[in-house]
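Written out below as structure tokens is the structure these notes cover.
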Amino acid sequence: MRAKALLIASLIASLIASLAAPAFAGDKDEPPKPDEQSVKLSPLALPIVVEGRVINYVFVTVKVDLSPSANAMALRDKEPTFRDALVRDAYRTPFVTPGNYNHLDEARLKAVFFRDATAIAGAGQVRGIEVLNQTAQHFIRPQPPAPAVSH
């Protein structure tokens, strides 16, 4: 009999706790909205090219920030085109940081890719480029600059 009373009391307590939980949660009923005006590209392996040779790859995640007037759904469908343009840019204009073969030159990547992203999306549709993550395939020790050779 006493066990039955304890069981009923615990059920009532858990019911009260479950009803009171939303009151303590505040305004967290809605999940946080993702950035709707952007196109996040799948991770890409971009080459580190030095003296015409690929010596490393850096896996990079890039996000294209769109203007408020851009049609984000239509531009998300062009994600493979954005990725293709970025890989082509990386081979045409190596994004190498001098002496560091583990990271890309973000400023150069953003400047070059912004031009191509604008060509793909249309004038005034791209607000900016963000590099979200960089991870080198292999860690390569930073190289000191080579001494100048005089003749």
Side-chain angles (χ1 to χ4, degrees), residues 10 13-151:
S10 66
S14 65
L15 179 65
I16 291 171
S18 67
L19 292 176
F24 293 116
D27 293 335
K28 295 183 181 179
D29 291 341
E30 294 181 25
K33 293 182 181 177
D35 187 9
E36 294 176 2
Q37 287 301 103
S38 67
V39 178
K40 184 177 175 185
L41 305 184
S42 298
L44 295 165
L46 300 181
I48 299 292
V49 180
V50 177
E51 296 175 4
R53 291 182 35 216
V54 175
I55 61 169
N56 201 4
Y57 284 94
V58 175
F59 296 93
V60 64
T61 305
V62 176
K63 183 169 84 168
V64 180
D65 292 322
L66 304 173
S67 68
S69 63
N71 184 349
M73 292 302 292
L75 292 174
R76 283 190 191 107
D77 290 339
K78 294 185 178 185
E79 192 256 353
T81 308
F82 285 116
R83 289 178 35 217
D84 182 59
L86 183 56
V87 170
R88 288 177 190 266
D89 287 341
Y91 278 96
R92 190 178 319 121
T93 310
F95 304 127
V96 178
T97 303
N100 185 349
Y101 305 138
N102 301 307
H103 294 285
L104 300 173
D105 183 353
E106 282 191 37
R108 185 183 295 167
L109 184 148
K110 289 177 181 180
V112 171
F113 186 52
F114 182 82
R115 183 182 63 233
D116 285 344
T118 301
I120 293 167
Q125 301 298 303
V126 177
R127 193 173 60 195
I129 305 295
E130 285 184 59
V131 176
L132 302 177
N133 190 14
Q134 292 188 43
T135 306
Q137 181 182 23
H138 304 289
F139 178 76
I140 298 176
R141 255 176 226 229
Q143 304 292 320
V149 178
S150 61
H151 294 281

Spacing of [atom1] belonging to [X] relative to [atom2] belonging to [Y], to within rounding of 0.5 Å:
| X | Y | atom1 | atom2 | answer |
| --- | --- | --- | --- | --- |
| Asn133 | Lys63 | CG | NZ | 13.5 Å |
| Asn56 | Ile140 | CG | CD1 | 4.0 Å |
| Ile48 | Tyr101 | CD1 | OH | 9.5 Å |
| Thr61 | Leu44 | OG1 | CG | 8.0 Å |
| Ser67 | Gln125 | OG | CD | 4.5 Å |
| Ile129 | Thr118 | CD1 | OG1 | 7.0 Å |

Looking only at heavy atoms, which two atoms of [X] and [Y] are closest? And how far apart?
| X | Y | answer |
| --- | --- | --- |
| Leu104 | Leu109 | CD1-CD1, 3.8 Å |
| Pro80 | Asp77 | CD-O, 3.7 Å |
| Val126 | Ala117 | CG2-O, 3.6 Å |
| Phe59 | Gln137 | CE1-CB, 3.8 Å |
| Phe82 | Leu75 | CE1-O, 3.6 Å |
| Leu66 | Ala70 | CB-CB, 3.9 Å |

*Walk me through it: do Gln134 and Glu106 pass the test side-chain contact (heavy atoms from CB on, under 4.5 Å)?*
CA-CA 10 Å; Gln134 292 188 43; Glu106 282 191 37; 3.1 Å; yes
*Please test Lys40 against Leu132 for side-chain contact (heavy atoms from CB on, under 4.5 Å), starting from the C-alpha separation and ending with a verdict.*
CA-CA 9 Å; Lys40 184 177 175 185; Leu132 302 177; 3.8 Å; yes
Kindly say whether [Y] contributes a backbone atom to a donor-acceptor pair with the side chain of [X] at under 3.5 angstrom?
| X | Y | answer |
| --- | --- | --- |
| Glu36 | Ala72 | no |
| Arg76 | Ser38 | yes |
| Glu79 | Ser42 | yes |

*Apply the test side-chain contact (heavy atoms from CB on, under 4.5 Å) to residues Phe95 and Val131: give CA-CA distance (whole Å), side-chain angles for both, the deciding distance (0.1 Å), then the verdict.*
CA-CA 13 Å; Phe95 304 127; Val131 176; over 6 Å; no
*Run the side-chain contact (heavy atoms from CB on, under 4.5 Å) check on Leu46 and Val87 step by step: do they pass?*
CA-CA 6 Å; Leu46 300 181; Val87 170; 4.1 Å; yes
*asked:* Tell me if the NZ atom of Lys110 is crowded by more than 12 foreign heavy atoms within 6.0 Å.
replied: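 Yes - once you tally the heavy atoms of other residues, nucleotides and ligands closer than 6.0 Å, there are more than 12.
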